[in-house]
Amino acid sequence: MMHGGLSDQVSDALVILGAAGIVIPLFARFRITPIIGFILVGVLVGPAGLGSLTDQAPWLYYITITDREAIAPFAEFGIILLLFTIGLELSFKRLWEMRALVFGVGAAELIGSGLIIGLALFAMGQNAAGALGLGLALALSSTALVLPISGTTSQVGRSALAMLLFEDVAIVPIIFMLGALAPYASADGVEGLMTTVWMGAAVIAAMLVLGRFILPKLFGQAARTKSPELFLAASLLVVIVASLATSAVGLSPIVGALIAGLLIAETEYRSEVEVITEPFKGLALGVFLITVGMQIDLAVIADNWVSLVTAVIGVVVVKTIVTGALLKISGARTGTSAEAGLLMSSPSETTLIVLTAAAEAALIQPETAAFWTIVTAIGLTITPILARVGHDVSRRIELKQHDQPDEVPEDEPRTIVIGFGRVGRLVADMLKTHKQPFLCVDSDIDCVAGGRREGYPIIFGDVARPEMVDRLKLGHARALIITMDEPVLANAVVKRVRGWVPDLPIIARARDVDHAAELYRAGATDAVPETLESSLQLSEAVLVDLGVPMGPVIASIHDKRDQYRRQIMESGGLTEKPTLKTQTLRDSAPGAKPAEA
């Protein structure tokens, strides 16, 4: 259909692109995930929002999407690309190492949550087959939302990935099972399932074998052309062919996309493929999120808000408890279990597929499917909020469990290092090399656990709390080193400690010259601007490599450092020039004498 010279497809595309251009920078400005923004756009421009007013105001046609089904293929492509990029981040070795989580915790979480929800629905009057189908549908979690939030490298991300991988594989058996449970079903359902299993196994085996031989040659030829367009075309071709291959035998297309990503991850073209497909994944996922928002009818929610809120809370609570308990039993920390449980607690985009299958099999009434579709859309919308709550709950649990940190040893004065990140670890290594006693403090429990495993003296604690700083016994310390990249907190700690311990040497990491001035003003003994020193050493290396004599180079470095000293003096209101690092790259060579500034 044409409106004012624009087809429906072109109009929808313009709305989507316009939404992406507004949502992503706007929500990034306020540090809010764009996931919520895209869903809200779907609510606003969808058929239940402004789209319902196009008859009264025809001009709204140009800023609304009236047909959700028209953009559904693009939404599905977004999920396919997401699984493809996840495959790029993995490897067959890592998947093998995760097998216990995938087939142990993943299977137990899906079956356990599905049975509990199903039994609750059965007790409320739903027929047994329908209750089972609804339970399994609602037990699924969103791959498209969870993994972009959690990543795949953290403990929470690894746990979520394992459970989601099992759910993605289980989709096909669930759909076939629902077909077999239909009132009109015959043995064809079971036979169809067995056929899909053996054909799927054959296709996956063929992909694994052929992919190892074909993909390196394909991407090698694309790389030789030095054409980004051809490289992109080859990447999308691999994703589409792999997805079509698994779809042809009844498996989910995301299984093929995941395997394609895994195969490319084993080649040297992994990074380039990941970078070149990222914009398409982000835009296509945005389309998917808009389709989720389009399913939310605010008028229906207002009329049935009690039932809908009760249903959403019930699903979230059951899945949180089951997932958290299973992870805790498997050995995860309490905080990790709680965070992963809340993150995985909302339904999934694939829940909509299972609901459709259950309705087509006459296991549930169309009205029931519509109700749980709205519940699913609401659950997807609140997933980022649940993730934030889960993170905060995890932090509180970890803080409570470690509220009484290990006592600071008093056998000898030692240096206290606050922050055990990249800089703090290097400082600790240097102190250890020169046999200087020290103690590290960090508020990241994963960092603390890793440091302890490697033999570093480190305790868990949040120096934003004054009582934590009290426990460090800084009156007995030889020095305090602040390495965390949090300027406001670093200033506060320096000021607080300087007021308590006037004679304690305080060496602080500064982000730049202005921050260094603030630290000196707060009472730091030395402030090291990381951008200044790295820039000066980089400049020295470049000038020397360009053939400029070392003498003039060193003189100009010292002049520049003096210039920054004066700037810090003026900004910090200092009466004496601050001490800055004066050693150059040449000075740091073995046997060289330090240069005088």
Side-chain angles (χ1 to χ4, degrees), residues 31-36 82 86 89-90 94 98 100-102 104-110 112-113 116-117 138-168 312-349 378-403 420-421 442-453 460-462 464-465:
R31 297 184 179 181
I32 302 174
T33 172
I35 290 173
I36 297 177
L82 171 66
I86 290 170
E89 297 174 3
L90 296 173
R94 185 179 174 194
M98 293 172 59
L101 268 177
V102 174
V105 176
E109 183 271 333
L110 177 60
S113 297
I116 293 174
I117 295 173
L138 296 169
L140 299 168
S141 300
S142 175
T143 301
L145 296 187
V146 169
L147 291 183
I149 293 173
S150 68
T152 60
T153 56
S154 66
Q155 290 190 353
V156 172
R158 287 193 296 270
S159 300
L161 173 63
M163 290 182 280
L164 291 169
L165 283 175
F166 182 84
E167 291 179 3
D168 291 338
V312 171
I313 293 175
V315 171
V316 167
V317 169
V318 168
K319 294 179 68 177
T320 298
I321 294 174
V322 171
T323 304
L326 288 171
L327 287 173
K328 182 64 177 175
I329 293 172
S330 69
R333 293 197 313 272
T334 304
T336 300
S337 302
E339 184 176 354
L342 277 165
L343 181 64
M344 298 280 291
S345 62
S346 59
S348 166
E349 62 279 355
I378 295 173
L380 288 168
T381 304
I382 65 174
T383 296
I385 301 173
L386 291 172
R388 181 71 256 180
V389 172
H391 178 76
D392 292 343
V393 168
S394 173
R395 189 69 176 271
R396 288 179 178 274
I397 291 173
E398 299 293 355
L399 285 173
K400 186 176 181 180
Q401 290 184 342
H402 296 81
D403 200 38
F420 195 67
D442 203 285
S443 59
D444 186 335
I445 189 61
D446 293 327
C447 196
V448 172
R452 284 180 175 172
R453 283 194 298 268
F460 177 85
D462 187 358
R465 299 183 298 158

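- Minimum interatomic distance between L343 and T383 (heavy atoms only, all atoms of both residues): O-CG2, 4.3 Å.
- Applying the salt bridge (Lys or Arg N to Asp or Glu O under 4.0 Å) test to D444 and every residue at least two apart in sequence or in another chain returns nothing.
- For the pair L327/M163, a side-chain contact is recorded, criterion being any heavy-atom separation below 4.5 Å from C-beta on.
- Here the CD1-CG distance, from I116 to L138, works out to 13.0 Å after rounding to the nearest 0.5 Å.
- Taking all atoms of both residues into account, the shortest heavy-atom contact from I397 to G335 is CG2-N, 4.0 Å.
- Between the NZ atom of K319 and the CG atom of L342 there is a distance of 11.5 Å, given to the nearest 0.5 Å.
- Across every non-hydrogen atom of L101 and A162, the tightest pair is CB-CB, 3.5 Å.
- Using a 4.5 Å heavy-atom cutoff, the side chains of E339 and Q155 are not in contact.
- In this structure a side-chain-to-backbone donor-acceptor pair under 3.5 Å is missing from T323 to G341.
- Shown here for T320 and V316, the closest heavy-atom pair between the two residues is OG1-O, 2.6 Å.
- G112 and V322 make their closest contact through C-CG1, 4.4 Å (heavy atoms, listed as atom of the first residue, atom of the second, distance).
- Remark: H391 NE2 to S150 OG distance equals 13.0 Å, nearest 0.5 Å.
- Here the side chains of L164 and S141 are in contact, with some heavy-atom distance below 4.5 Å.
- Here the CG atom belonging to L110 is positioned 9.5 Å from the CE atom belonging to M344, to the nearest 0.5 angstrom.
- Residues passing the side-chain hydrogen bond (donor to acceptor under 3.5 Å, both in side chains) test with S113: none are found, sequence neighbours excluded.
- Residues V312 and I382 have side chains in contact (heavy-atom distance under 4.5 Å, counting atoms from C-beta outward).
- Side-chain atoms of D442 do not come within 3.5 Å of backbone N or O of C447 as any donor-acceptor pair.
- Nearest heavy atom pair, residue A332 against residue S337, reads CB-OG, 3.6 Å.
- Atom OG of S345 and atom CD1 of I321 lie 10.5 Å apart (nearest 0.5 Å).
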